Amino acid sequence: MHTDPAPTPGTPGTPGTSGSPGTPAYDPAAFRSVFERNFTYWSGFARNTHRYADATALYDPATGRGWTYAQLGRDVGWLAAGLAAVGVRPGDLVVHQLLNGPEFALLYLATQRLGAVGSPVNFRLAPGETAHVLDSGRPAVYVHDTSLTPAAGRALELAEHRPGVVVHVDSGAPGDAPLPGSLPFGELLSRGAQLPPLPEPDAGIYGETTRLYTSGTTGLPKGVPLNNATEVLSAHDVIMHFPLTPEDRTLNMTPWFHRGGLYSGGPNPVFYVGGEVVPLRHFDADTVLDLVEQRGLTFLIGAPTNLERLADAQEARARDLSTLRGIVTMGAPLGRAACLRYQRVLASSTATARRRRSGTPSCARRTSPSTRAARGARARTTTWRWCGCTRTGGGPRRTIWRRRTARRSVK
């Protein structure tokens, strides 16, 4: 009986000899082409408009309005088309001075949908500093909140570059009027709703998506470009370190125009993981604690001063904070005494709320037999711990204070 000879090393088909003479070498060109074209932040968000279509993506406490992922994706598509209709092209800069709110979140996503570059700017800049941003970035569109109209008007007077379109977002305050000739933000949405969807963005992972500006402490603000790779890896960093899941609801108490606001538990990681973003125009400790109790927030993000105000408000009027999974602080050192106070006032509030419901200490509380069965006969024990400081990818230093949930098999 004839048998084929065993293959010898170096011949085609020999396992483990890639790169040997006679064997084709591994060629990553096809993988690189797909990866560099499709591994974008927009692709991740667009996935969630289908995967979590009916889940809440954004909830605005000021109006009580919520957006599911499907609805948010629809409105983002309309806004992107509306921006294109007024002359914004892929690669163009869209500068916006906005407080935390739905319009900020929509712009963050819509500029990426269009392939343009979103540039959130500090709303506390002096008119001369804003004029410098307009002259250095030369945006096609400038969006501002009507609470900033006097400063925005002065900045436009000082700037040599005049954006093609000026858009205003209504602050809701009776005395805040828009600039003459300014386009209402809602009109961009209504125009876009009448237009066909835009082609998918094709800048790939190296395409600029966001341009942040430095604070200008040692001079005028300087632009810092971020690309799709930065967007995606920033989201992954926060998702892993908090950690975040699609069931989380976060409120970042700091302004979104800076890196810590937009990327540390703000729109960037939460929209990417499929969770819920809750914006707040102005920080108010009572409002934040009420939202934790009423909305079931799971993460709060802010500076130590925010935590100090939260602790004061909680001591004055206790709320049920049992849904909180963690509090993240950044921007300033956190002393040991302050840390212990926040653990006592804020963390113990969650334990107290659970004791009221269960009648047992939170550290010893077990889930009900039916819940254990539904969870695969596993019980939870909850404590709080400080997780130290992390800094990755050039991002802000964060102190993560999260509830640690240990799982034990139940015999």
Side-chain angles (χ1 to χ4, degrees), residues 28-55 57-58 67-96 102-120 139-141 143 164-165 167 185 187-212 225-236 239 246 262-263 266-275 277:
F31 173 80
R32 181 184 294 121
S33 173
V34 173
F35 176 80
E36 294 182 351
R37 184 177 67 251
N38 296 327
F39 193 65
T40 64
Y41 184 88
W42 172 254
S43 295
F45 172 76
R47 166 202 65 201
N48 290 344
T49 64
H50 302 284
R51 179 179 291 178
Y52 307 118
D54 297 326
L58 178 66
W67 285 257
T68 65
Y69 270 89
Q71 292 167 339
L72 186 60
R74 176 203 65 196
D75 285 7
V76 165
W78 288 351
L79 180 56
L83 288 168
V86 298
V88 181
R89 299 291 177 261
D92 283 350
L93 194 69
V94 176
V95 166
H96 53 96
E103 295 83 6
F104 192 126
L106 286 165
L107 273 171
Y108 172 68
L109 295 166
T111 48
Q112 297 191 52
R113 173 67 182 87
L114 173 57
V117 180
S119 185
V141 172
V143 186
V165 180
V167 179
F185 186 87
E187 191 167 325
L188 290 175
L189 284 164
S190 58
R191 287 189 190 186
Q194 310 302 318
L195 299 171
L198 296 175
E200 289 295 313
D202 60 0
I205 64 173
Y206 304 116
E208 186 182 5
T209 53
T210 304
R211 188 176 303 173
L212 302 179
L226 307 178
N227 59 26
N228 261 304
T230 307
E231 300 280 355
V232 172
L233 294 176
S234 295
H236 278 275
I239 289 166
L262 186 55
Y263 293 88
N268 167 271
V270 180
F271 287 150
Y272 197 82
V273 80
V277 172

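Just so it is clear, the model here is predicted, and its values are computed rather than measured. We use all heavy atoms of the structure for the numbers below, so side chains are in, but hydrogens, waters and symmetry mates are not.
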To the nearest 0.5 Å, tell me how far Ser43 OG sits from Asn38 CG. 5.5 Å
Pi-cation contact, Tyr52 with Arg47 (under 6.0 Å, within 45°): no
Measuring from Tyr206:OH to Asn227:CG, what's the distance to the nearest 0.5 Å? 8.5 Å
Whether the Trp42 and Glu231 side chains hold a donor-acceptor pair (N or O, under 3.5 Å, no angle test) is what I'd like checked. no
Polar side-chain atom of Thr40 near backbone of Asn228 as donor-acceptor pair, under 3.5 Å: no
Verify whether one side chain among Tyr108 and Asn268 offers a donor that lies under 3.5 Å from an acceptor in the other. yes
Going from CG on Leu109 to CZ on Phe104, what distance comes out if it is rounded to the nearest 0.5 angstrom? 10.5 Å
Determine the minimum heavy-atom distance between Pro199 and Arg113, stating which atoms define it. O-NH1, 3.0 Å
Val143 and Glu103, any side-chain heavy atoms less than 4.5 Å apart: no
Using a 3.5 Å distance criterion without hydrogens, assess whether the side chain of Ser33 forms a donor-acceptor pair with backbone atoms of Ala30. no
Are any of the side-chain heavy atoms of Ile205 and Val232 separated by less than 4.5 Å? no
Return yes if some donor-acceptor pair links the side-chain N/O of Arg89 with the main-chain N/O of Ala84 below 3.5 Å, else return no. yes
Measure across Pro196 and Ala81 and return the closest heavy-atom pair with its distance rounded to 0.1 Å. O-CB, 4.5 Å
Tell me if a side-chain donor or acceptor on Asn48 pairs with a main-chain N or O of Tyr272 at a distance below 3.5 Å. yes
Heavy-atom check, side chain of Pro201 versus side chain of Leu114, under 4.5 Å: no
Considering all heavy atoms of both residues, which atom of Ala57 and which atom of Leu72 are nearest to each other, and what is their separation? CB-CD2, 3.8 Å
Take Tyr41 and Thr230, measure what side-chain contact (heavy atoms from CB on, under 4.5 Å) needs, and give me the verdict at the end. CA-CA 9 Å; Tyr41 184 88; Thr230 307; over 6 Å; no
Atom of Val141, atom of Val88 and distance for their closest heavy-atom approach: CG2-CG2, 3.4 Å
Interatomic spacing from OH in Tyr69 to CG in Asp54 - rounded to 0.5 Å: 13.0 Å
At their closest point, which heavy atom of Pro269 faces which heavy atom of Leu262, and how far apart are they? CD-O, 3.9 Å
According to the interplanar angle, ranging from 0 to 90°, do the rings of Phe271 and Phe45 count as parallel (below 30°), tilted (30 to 60°) or perpendicular (above 60°)? perpendicular
So, does Thr209 use its side chain to make a donor-acceptor pair with the main chain of Leu226 at under 3.5 Å? yes
Within-4.5 Å side-chain heavy-atom neighbours: Leu107 and Leu83: yes
Would you say that Thr111 contacts Leu79 through its side chain, given a criterion of any heavy-atom pair below 4.5 Å between the two side chains? no
Once you round to the nearest 0.5 Å, how far does CG of Leu212 lie from OH of Tyr263? 5.5 Å
As an exercise, state the distance from OG1 of Thr49 to CZ of Arg74, rounded to the nearest 0.5 Å. 12.0 Å
Shortest non-hydrogen pair, Asp92 vs Ala116, comes out as O-CB, 3.3 Å
